2 protein chains.
Amino acid sequence: MEVFLKSVSALNDETRILILRFLDVNGETCVCDLQASLEMIQSRLSRHLKILKDAGFLRVERKGTWAYYSIRSPLDRFRSEALEEIKCLPIELPPLRKISENGECKI
Amino acid sequence: MEVFLKSVSALNDETRILILRFLDVNGETCVCDLQASLEMIQSRLSRHLKILKDAGFLRVERKGTWAYYSIRSPLDRFRSEALEEIKCLPIELPPLRKISENGECKI
DNA sequence: TCTATAAATCAATATATCTTGATATATGCG
DNA sequence: CGCATATATCAAGATATATTGATTTATAGA
């Protein structure tokens, strides 16, 4: 798929918009903390992260079995304009739950 | 649906991207000329025009039974950034066929 | 090597969107 | 009014995308 349409397609989902907003506010976050914070089933979250990554919005850094996702930087013009829009949306953003740091993470 | 998501959703279709590009290049065009130029079935074209209009990309002016569509101006920031992207896409744009002006239009 | 865990992928189903042909609406004109 | 034409809407089927639970992969540690 063409790059622009791929970006648009990635943006065309409330779940992914929520993920982008969450990562913009909270910065680099590991998958299991995203799961806990956004109360999302693992396969669902993983799928959306992949779509956002493939569309150029996210980067991943792996440390052992953990994967840390964050907003890719720099974003190109269109993607960063989109992100600016997302920053202004009236979204009810759940708080960050860091289960990764207290051994609570037993998915 | 929220405004941003509605814009994104409207952009998320190759047919609508083609329509936007065509109207950007050719300016205000009536539906039957769009039909002839883009070789699109009437109900399909009408549907996509409605989606683009409802998402704030297009305006319509009606003269008698004819409807003239054009890119709405001014566009807000995100929409105009999107349009700029569309202007740069490597699209094979069909030529304008003005069947409206020679009585050729008998849909 | 074996086990446990984090994350990714798969398969089935559910849901949304697109396309087409048929029908409805609206305007102009005899 | 009644017909013709331009456009809009509807209904059915086709296609794409999302969700869920199950399975697979990969890494760390015993």
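Lettering of chains follows the sequences in order, A, B, ..., and the numbering in each one begins at 1. The structure presented is a predicted model; accordingly, all values stated were derived computationally and were not measured. Heavy-atom basis, side chains included; hydrogens, waters and symmetry copies ignored.
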Donor-acceptor pairs under 3.5 Å, side chain of residues 82-91 of chain B to any protein atom, not counting sequence neighbours: which ones?
| from | atom 1 | to | atom 2 | distance (Å) |
| --- | --- | --- | --- | --- |
| B:E84 | OE2 | B:K87 | NZ | 3.2 |

| request: Output every pair passing ring-ring contact (aromatic ring centres under 6.0 Å, His included) with a member in residues 15-47 of chain A, not counting sequence neighbours, ordered by first then second residue. | output: none
Length of the [atom1]-[atom2] vector between [X] and [N], whole Å:
X	N	atom1	atom2	answer
A:W66	D:dA28	CH2	P	12 Å
A:R44	D:dA18	CZ	C1'	8 Å
A:M40	C:dA6	CE	P	18 Å
B:Q35	D:dT7	CD	C1'	9 Å
B:L5	D:dA18	CG	P	11 Å

For [X], give me all partners under salt bridge (Lys or Arg N to Asp or Glu O under 4.0 Å), at least two apart in sequence or on another chain.
X	value
A:R59	A:E28, A:E61
B:D33	B:K98
A:K53	none

| task | May I ask you to decide if B:S9's main-chain N or O and B:R16's side chain share a donor-acceptor pair within less than 3.5 Å? | result | yes
| query | Taking the side chain from A:S70 and the backbone from A:G27, do they hold a donor-acceptor pair closer than 3.5 Å? | reply | no
| query | Are OP1 or OP2 of D:dA6 and a side-chain N or O of B:Y69 less than 4.0 angstrom apart? | reply | no
Mind checking what makes side-chain hydrogen bond (donor to acceptor under 3.5 Å, both in side chains) contact with [X], not counting sequence neighbours?
X	answer
A:R79	A:S7, A:D76
B:K6	none
A:N12	none

| note | Nucleotide by nucleotide, nucleotides 22-30 of chain C touches protein heavy atoms under 4.0 Å in the pattern (B base, S sugar-phosphate only, - none) B----BS--
| query | With a 4.0 Å cut-off on heavy atoms, is B:Y68 in touch with a base, just the backbone sugar-phosphate, or nothing at all? | reply | nothing
| field | Contacting residues from residues 9-24 of chain B, given that a heavy atom lies under 4.0 angstrom of DNA chain C | value | B:D13, B:T15, B:R16
| In residues 46-54 of chain B, which ones come under 4.0 Å of DNA chain D, going by heavy atoms? | B:S46, B:K50
| task | Would you please name every residue forming a ring-ring contact (aromatic ring centres under 6.0 Å, His included) with A:F78, sequence neighbours left out? | result | A:F4, B:F78
